[in-house]
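Have a look at the structure below before the remarks.
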Amino acid sequence: MVNKKIIFALYTLIVVCIGFASVLEKYHGTRFVGEHIYGAWWFSALWAVLTVAACAHMVKQRLYRRFAVILLHFSFVVILAGALTTHLFARRGSVGLRTGIPVSAYVDDVGNIQMLPFAMTLKEFRIVNYPGTDAPLDYQSVLQKADGEEVLVSMNNIGHIDGYRLFQSSYDFDGQGVILGVSYDPYGIAITYFGYLLLLVGIIATLLSRKTQMRALYRKAIQSLAVVLPLFLCVATTQAKDGLQVVDKDIAHRMGTINVLYNNRICPLNTVATDFVTKLSGKASWNGYSADEIFTSWMIYYSPWEQQKLIRVKNRKVQQLLGIGGQWASYSDFLDGYHAYKLKDAVDALRNGDGSIDRKALMEADEKYHLVEMFYRGQFIKMFPFRFGEEVNWYTPGGQSLPKEIPVKEQFFVKQSMDYLTESIVTGQRDRAFEIIAKIKLFQKEMIGDLLPGESMTKVEIFYNTLRNWKWPVFLALTLSLLLCVVMLAAAVRRTWFKVLSLWFVVLYAAYVTLLLGLRWWISGHIPVSNGHETMLFMAWVLLLLTILLRPKFPIISGFGPLIGSFCLLVAMLAGSNSQITPLMPVLQSPLLSVHVMTVMCAYALFALQLLLGVQAFFLIRKSRNAELERITALSQLLLYPAVFLLAIGIFLGAVWANVSWGNYWSWDPKESWALITLMVYAAPFHKTSCAFFRKPLCYHGYMVCAFITVVITYFGVNYLLGGMHGYA
């Protein structure tokens with residue numbers, strides 16, 4: 001008994017220390033927590049004592065007779081041994097290289113000069129851009145050893161020389177020098193990777209073993225009944241206005257098909273217009289006008305459009321500073337009688353520490369004002385490309401100075417075409433406007449035709465822009481999901497017509513989310529799991545897929561899966577600024593990252609289902625419906641296995657990706673730390689044989705509801721409060 005209490009006390013203490021350290025890092029920095037907590041002797045001692053105590057307890061309980069269970073626990077012992085080996089014997093630092101100068105030493109983490117067993121020279125450094133843009137796709141350093149052998153170091157491609165690993169860190173502004181990270185850890189990495197392999201084998205063995213609790217839980221859970229979560233939904237309405245100068249709808253639509261350089265990628269102007277209008281008003285249309293009509297009309301008839309109340313300002317104090325009576329402002333409302341920016345003093349005061357106005361609300365209003373300023377500077381209409389050798393530069397229409405290398409004829413077209421287009425629109429020459437738009441497209445094709453997206457791709461992206469800004473499917477899905485939960489309490493739940501109807505709803509719902517993900521994948525060229533908007537979409541898709549696959553055996557999933565998926569879509573919709581499609585930064589292009597994120601998001605989806613099962617369990621306990629409670633508990637415990645296993649797999653896949661990309665498989669980044677906390681918190685209920693607390697349904701479900709807080713902190717709290725290297729996630 002004492003031994004078990006020591007184990008749980010140490011386990012809890014380690015979780016608390018990791019969580020405390022992640023918060024402390026925000027205020028005192030990474031180096032401070034590295035020295036005083038993660039790298040401190042007492043922290044290593046805590047892990048060591050916990051490991052010894054746990055091993056002693058397993059021997060005492062004769063768990064070595066259960067192959068799957070002992071293999072799982074032994075894998076963690078091996079992983080910890082690898083981490084200790086890395087901590088004690090690994091060497092890390094950085095080395096600066098200049099072209100043509102041999103170097104045979106590096107600077108370690110504490111600033112001492114350390115000799116390398118070899119000499120290397122930077123032969124060449126190059127930046128590879130995305131085709132047709134000036135956005136970096138990759139950073140490549142070509143190193144030459146003393147024997148003449150060349151070694152390439154690039155993003156996601158670490159160079160190896162005599163056991164030392166070299167990875168890109170930064171480069172000099174003149175392009176003639178680089179700083180490479182240096183790592184030497186042949187033993188710690190090997191031991192840790194072996195531990196990951198054992199963990200994977202242990203997970204598979206546990207899932208296949210007949211001696212685990214999974215089969216008994218399956219038999220209990222298979223008869224689970226449905227549940228209800230009553231909620232209230234409000235849907236907003238739109239307004240309409242008339243009497244404004246607006247460009248012809250067909251002209252605006254054709255303008256939307258012109259390619260521009262935006263967010264470091266080539267896309268139709270419709271994408272720019274959609275993001276522009278959505279940023280200002282909160283939706284992709286206003287007053288019955290499409291984004292293309294608004295964007296193009298503002299370009300042509302800018303003066304009257306400056307007076308239109310299409311910029312949404314939610315905060316009352318900001319509204320007072322602007323002198324407006326409601327939440328809708330025009331661009332002219334941001335300027336006083338002397339054409340000075342009204343919010344300038346408030347923004348400056350905020351940056352100096354003044355907290356009298358909500359920071360987020362003020363910065364949001366400030367961003368909208370500067371968005372229009374960027375629009376006037378032409379930063380959203382870079383539509384004239386010109387190729388200089390292997391490089392391509394994009395230029396805006398108008399009178400800006402152009403390089404002398406561009407022929408006079410092309411310079412004239414860049415400077416005058418939009419003026420001619422404006423004249424045609426204002427004078428009502430519709431056919432001439434179409435002709436000029438066609439000439440702009442022809443100019444682009446002659447300059448960089450091989451780099452432009454095809455006509456079908458342009459149509460797909462415009463369709464996707466329309467689809468991603470529809471809010472009614474999200475509210476409709478949320479409403480129907482709530483109704484589904486309510487109806488499942490009625491007798492109709494067992495009727496054939498209801499089963500067919502609910503199945504069709506889930507299938508159509510899943511098809512809609514699949515369409516969103518598929519289009520986004522096609523347009524971006526990478527698996528859509530690179531930001532908050534995409535991971536929420538993916539989580540909704542996983543939940544709906546689980547619903548379709550599990551509903552024949554577990555009808556309760558039909559109520560929970562679509563509901564949680566709808567909330568995921570709602571979060572994705574609210575994260576509108578994150579819905580923009582941008583090229584992935586080089587370090588995010590590894591396929592390991594996509595698998596890592598997808599695996600973790602699947603685990604989070606299952607944890608969310610367990611949260612709702614826990615809420616339903618409280619209602620069953622109050623009504624003393626013990627038979628249903630037993631099945632609900634069995635289902636929750638059954639889902640715990642794949643959920644924890646997926647999270648564990650996701651964590652070690654992330655560690656492998658980090659090792660390949662950053663040269664370090666674990667750095668105690670806040671996101672890593674909280675992912676580990678989540679794993680440890682959810683792994684505890686597996687040990688109900690040793691802990692009577694988890695054998696009581698009320699205690700178990702209460703714990704599972706509270707445990708979801710760690711998921712929320714890991715996914716949202718770290719991103720918005722703690723930061724770290726995973727700030728993009």
Side-chain angles (χ1 to χ4, degrees), residues 226-240 274 277-278 281-291 312 460 462-490 492-493 495 497-520 528 532-551 555-579 601 605 608-609 611-612 615:
V227 297
V228 60
L229 280 176
L231 296 173
F232 180 76
L233 180 66
C234 296
V235 181
T237 59
T238 58
Q239 57 177 350
T274 301
V277 178
T278 302
S281 67
K283 50 189 177 181
S285 61
W286 173 83
N287 206 17
Y289 301 124
S290 68
R312 192 175 186 185
V460 167
I462 292 175
F463 172 68
Y464 173 74
N465 290 333
T466 302
L467 203 63
R468 71 182 169 104
N469 284 285
W470 282 353
K471 295 183 179 180
W472 66 265
V474 179
F475 290 120
L476 178 63
L478 185 57
T479 303
L480 293 177
S481 298
L482 289 170
L483 289 174
L484 182 63
C485 284
V486 172
V487 175
M488 287 189 72
L489 282 182
V493 71
R495 296 179 181 176
W497 67 266
F498 175 79
K499 293 180 180 179
V500 173
L501 192 63
S502 63
L503 176 61
W504 272 107
F505 163 64
V506 176
V507 170
L508 291 175
Y509 190 7
Y512 170 72
V513 179
T514 302
L515 178 63
L516 286 176
L517 282 174
L519 289 175
R520 196 172 180 94
H533 176 86
E534 292 178 347
T535 53
M536 281 289 100
L537 280 179
F538 180 78
M539 187 171 177
W541 182 77
V542 169
L543 286 163
L544 293 171
L545 187 63
L546 285 172
T547 301
I548 294 172
L549 294 177
L550 298 179
R551 67 183 301 276
I556 193 172
I557 298 295
S558 296
F560 284 162
L563 183 62
I564 305 175
S566 298
F567 281 115
C568 290
L569 279 188
L570 185 63
V571 173
M573 183 184 73
L574 294 175
S577 61
N578 232 357
S579 66
M601 293 309 298
L609 287 175
L611 167 68
L612 290 186
V615 174

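This is a predicted model, so every value here is computed, not measured.
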Reported OH-to-OG1 distance for the pair Tyr509 and Thr514, which is rounded to 0.5 angstrom: 11.5 Å
Pair Trp286-Tyr289, side-chain contact (heavy atoms from CB on, under 4.5 Å): steps then yes or no: CA-CA 5 Å; Trp286 173 83; Tyr289 301 124; 4.2 Å; yes
Taking every non-hydrogen atom, the tightest pair across Gly565 and Ala540: O-CB, 3.5 Å
Closest approach of Ala284 to Thr274 (non-hydrogen atoms, all atoms of both residues): CB-CG2, 3.9 Å
Smallest separation among heavy atoms of Ala608 and Met539, with atom names: CB-CE, 4.2 Å
Approximate separation, where rounding is to 0.5 Å, of Phe505 CZ and Leu476 CG: 7.5 Å
Tyr512 to Trp470 - nearest heavy-atom pair and separation: OH-O, 4.5 Å
Spatial distance of atom CG (Leu516) from atom OH (Tyr464) [nearest 0.5 Å]: 6.0 Å
Separation of Leu467 CG from Ile462 CD1 (nearest 0.5 Å): 13.5 Å
Inter-residue atom distance Ile548.CD1 - Leu543.CG, 0.5 Å rounding: 11.5 Å
Approximate separation, where rounding is to 0.5 Å, of Leu508 CG and Leu480 CG: 10.5 Å
Nearest heavy-atom neighbours spanning Pro562 and Thr547: CD-OG1, 3.8 Å
